[in-house]
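Reminder, nothing fancy here: chain letters follow the sequence lines and each chain counts from 1.
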Amino acid sequence: MHKKFDHQAIEKKWQEEWKQAGLNDVGVRDNDKEKEYVLVEWPYPSGNLHIGHWYAFAVPDIYVRYQRMQGKQVLYPMGFDAFGLPAENAAIKHNKNPREWTEQNIEYMKTQLASMGNAFSWDKTCSSTDPEYFKWTQWMFTKFFEEKIAYRGKGVVNWCSSCNTVIANEQVQSDNTCERCDTEIEKKMMPQWMLKITDFADDLIDDLDSLDWPSHIKDAQRNWIGRSEGALISFKLKSDADSSIEVFTTRPDTLFGATYIVLAPEHEMVTKNKSEIKNWDEVEQYIKTAAKTAEQDRLDNTKEKTGVKLEGITAINPANNEEIPVYIADYVLAGYGTGAIMAVPAHDERDFEFAKKFNLPINFVVTEVSEKVDAAGALLINKEGEVLLQKRTKDAPVDPGLITTFGGNIEEGESVVEGLARELREELELDIATNGSTARLLYSVMPKTHAGKKIAVFLITDVDDSALVLHEGESIVKLGSLKDLENLKIQDMSEVIERLVSDGIQTISSNAGTLINSGEFSGLDSEEAKTAITEKVGGKITNTYRLRDWSIGRQRYWGVPIPIVYDPEGKAHPVPQEHLPWTLPEDVDFTPTGEPPLTKSVELKKRTEDIFGEGWTPEVETMDTFVDSSWYYLRYIDNQNDEEFSSMEAQKKWLPVDLYFGGAEHTTMHLLYSRFWQKALHRLGLAEHNEPYKRRINRSLILGPDGNKMSKSKGNVIDPDEQVKLVGADTVKMYLAFMGPYGEVANYPWDMGGIAGLRRFLERVNGLSEHVVDNEDETEEMTHQIHKALKKVTEDVLQFKFNTAISALMVYINEAEKNGLSVQSYDLFLRALAPFAPHLVEDLWADAGRTDSIHQAGWPAYDLDLAADKEVTIGVQINGKMRGQITLAPDATEAEAVAAVQKNEGLLAKIADAEVKKVIYVPARILNLLVNEK
RNA sequence: GCCCGGGUGGUGGAAUCGGUAGACACGAGGGACUUAAAAUCCCUUGCCUUUUAAACGGCGUGCGGGUUCAAUUCCCGCCCCGGGCACCA
């Protein structure tokens, strides 16, 4: 009889034992082994471990323990990201110093973390609030300051009135609210400490190629950085030959079509030219209104365009020297590009909208022509812009405005154009016959896409003398009269355009194509024209980015003080290294007032004057906590070093991080910031590597049992401490690992029944010793089974498919309980389970008389021959239908397979006397017999 | 609108260089043990037709087509869900 599975006793015993033995410390013990740096995001010490922490730390621990057993020296550090608002808010509430609250929480959380029984390298820990840590955060900041990577900028910032601080763009949610407290964000103009992340934008995009990250994370970062390739072009002002407006455009090829200029309302040119502007009152009024309009409303692109013309100011289009008007409009953003655009209404939808409203000229300068046609629908619009027929079916009578399906049925031998032409003619004939059609004048303007495909567009001037334009995908233009649709000929697009324009019809398209109406550049295609035209007008090919510089100043207390002091003239100076850490003063009232709490510190002011002299003042802002976490992986590896933040030697040994597990929410924040930080250090010669993380795995979310995100208000929170007490750490860990593959973009609901299943499994493991037989008494099949399981587990763990790895162990135990397993196999099985259920397995290992730790016993190697199946059952198909199965050696020949069928009565009966024409046999997969049907 | 993912039993999920769909687990149903319950063990469990039962057969991986001896897997079109970006010139 085996002993009871007393998880509480086992966990306590072995956690203590491992700690005593320093089993999980990295130390120097394994210095000669291959290194592997496995990183998980350090937690904020909120004082309570939640199930997400378990998922984040305990599941990767399987991989860590596996690699250690494989003989690697694995660094798996844990620390605390402990600055930030919750501590400060708690401090306000309890009238304590946030440090006290934080340190208490860290101590408590350490005990919770210990309950996981993870193989954390506690000898390599660090915490962001430790002065020995933030001393280096400050030191790096001063280096960045010296190199102008950190600078005092002035700009529009996101202000959260509830947190009483500035927050970064990345921390503003899509509905313009604060990430922390959901308060609506206001825009404020303030001096700001900034980090020049935009300087690294190209590298941040280009170096993604070298990283072994899931492509969706790379895509998200590229998207976030938002590089646009284009040109800067100067437009001279007519009123004042010396001044000009610079615009950014991605389409310099359309310069000849630029019929006006639009500036953002905040553009400096506006106030600078106040005296020139005749309608200043109106302009000023518009600027005021625009400033008041919430960012959100401005971003609502369904809203009708607004703007005001700057009377008295005109610009010269450098391509054709034409005089064009200048507007201000809020659809142009001050913070992107130059805050000014050249408007090309013929080839940009937004400009088109604006031009329509203000009755501005539209010049077509690009056509799309190609030989390829493949249409999916049709649209007919009359002169008034009313939709008469759109994608309608053949049988339905014409119902103006009705949207149904049309087209697509191309008959054999017809080209797509011919087919559509025929169908359209039939439609119209039917229409005229049945309804005495109203569809006399039909025009089409169809720059839209439908389901990702450009759809066909028809243009018909009237029934007797019609023109037809087909237009699809990248390009195509065909023109003909309705009478001879069969004899369509490709004609010059300019003819179509002229006709469209003379008829007052605009067809706008933002696609590339061939230039028309562009002087010497007509006939070039867009790509060639971009550089040629830019060159001609003295413009500059350049990139622009969506990414803004990182504003890191926070007007709160509990953060790293920005190590800057100002001389009596107000010039900023970095605090020299000898005075670091530049600590937080204690004499502060941190009740939020909107003023940084450090402003009122007498101690800080006195310290500054004592060191630097009278009249010197300290910087009173603290740093964004994302700064702290931008370099923690560098500190872990050399956490005792008081000479450097991290020695080159340590960096060479440990970096880059081999594997970084973390949450999807950090994709465009922490992950981007720390890549930037590493690159900045690298540029300064302080870091060995250019990228911090070689491989990244984003994990999914654990949902409540009801399938919703866990939250106190929903009452669906699973408390890990409670679960651990109930079923044990090993069970909780294995259950989390068993839910589904790790690192997928899928969220798993917690299932009470599911966790009970894992507990049952471990109970069976606990009793497995009763099924152990002498080595020579194990069946061949069972020897095969253990090696097969080992192979599967080994392969799956490397791919983070812990769920199927566990499944393989379950399959094995099902067999072992039935058929018995040898002493040898029991040993192998325990070792394979060790990373998953470290406590129980260690205990069973000791029970089996072993005095070493199973975690140092080495990963069980499998024998490929033993793991291979001796025979396989394959499906037999007759004419492609599954009709039975046969069992063969995996490498059986076709003749052997057919012979097996001959011996199978059921299958023979199905073939009967039909003639077998062909045999398709894929060894170990399928046998398909093609026979003549009788 | 653009860019990524993803749709498989009652549930979580297996299986994709095309080759017996539903491993493993949960849940459910039935049985054993028990005075009883819990726990444990055994059996059944994609759907449909038929049947005491089974066999046989048919259908089945979001929908509609296609390629193939063979499609969850490849191709075309569509629908739905999740994530990122978005008046970014």
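Nucleic acid contact for A:Asp351: none, since no nucleic acid atom lies under 4.0 Å from a heavy atom of the residue. Using a 4.0 Å heavy-atom criterion, one finds that A:Asp751 contacts the sugar-phosphate atoms exclusively. Residue contacts shown for A:Leu930 are limited to sugar-phosphate atoms, with no base heavy atom under 4.0 Å away. Residue contacts shown for A:Lys917 are absent, as no nucleic acid heavy atom lies under 4.0 Å away. Counting any heavy atom pair closer than 4.0 Å across all strands shown, A:Val922 reaches a base atom. Nucleic acid contact class of A:Gly757 (heavy atoms, under 4.0 Å, all strands): sugar-phosphate only. Nucleic acid contact class of A:Asn803 (heavy atoms, under 4.0 Å, all strands): sugar-phosphate only. Residue contacts for A:Pro741: at a heavy-atom cut-off of 4.0 Å it reaches the sugar-phosphate backbone alone, with no base atom in range. Residue A:Phe248 is classed as a base contact, given a heavy-atom separation below 4.0 Å to a base. Counting any heavy atom pair closer than 4.0 Å across all strands shown, A:Gly880 reaches sugar-phosphate atoms only and no base atom. Counting non-hydrogen atoms under 4.0 angstrom, A:Arg222 reaches nothing in the nucleic acid.
Comparing atom distances between the A:Met810 side chain and each of B:A89, B:C24, B:G19 picks out B:C24 as nearest. Of all nucleotides listed (B:C85, B:A89, B:U40), B:A89 comes nearest to the side chain of A:Tyr336.
Between A:Glu353 and A:Lys357, none of the side-chain N atoms (NZ, or NE/NH1/NH2) sits under 4.0 Å from a carboxylate O, so this pair counts as no salt bridge. Using a 4.0 Å cut-off between charged side-chain N and carboxylate O, A:Arg222 and A:Asp219 make a salt bridge.
Taking side-chain N and O atoms only, A:Arg883 has a distance below 4.0 Å to OP1 or OP2 of B:G58. Taking only side-chain nitrogens and oxygens, A:Ser228 comes nearer than 4.0 Å to OP1 or OP2 of B:A89. A:Lys881 has a side-chain polar atom (N or O) that falls below the 4.0 Å cut-off from OP1 or OP2 of B:C59. The phosphate of B:A25 (OP1 or OP2) has a side-chain N or O of A:Asn814 nearer than 4.0 angstrom.
A:Tyr260 approaches A:Asp351 most closely through the heavy-atom pair OH-O, 2.8 Å.
B:G6 and B:G13 have their C1' atoms separated by 14 Å, given to the nearest Å. Rounded to the nearest Å, the gap between the C1' atom of B:G19 and that of B:A28 is 33 Å.
For the pair A:Arg699 and A:Phe800, the cation-pi test (distance below 6.0 Å, angle within 45°) is failed. Geometrically, A:Arg675 engages A:Trp213 in a cation-pi contact defined by less than 6.0 Å to the ring centre and at most 45° from the axis.
Across all strands shown, B:G66 is found opposite B:C74 as a Watson-Crick or G-U wobble partner, with both distances under 3.5 Å.
Between A:Thr249 and A:Lys918, the residue whose closest nucleotide on RNA chain B is further toward the 5' end is A:Lys918.
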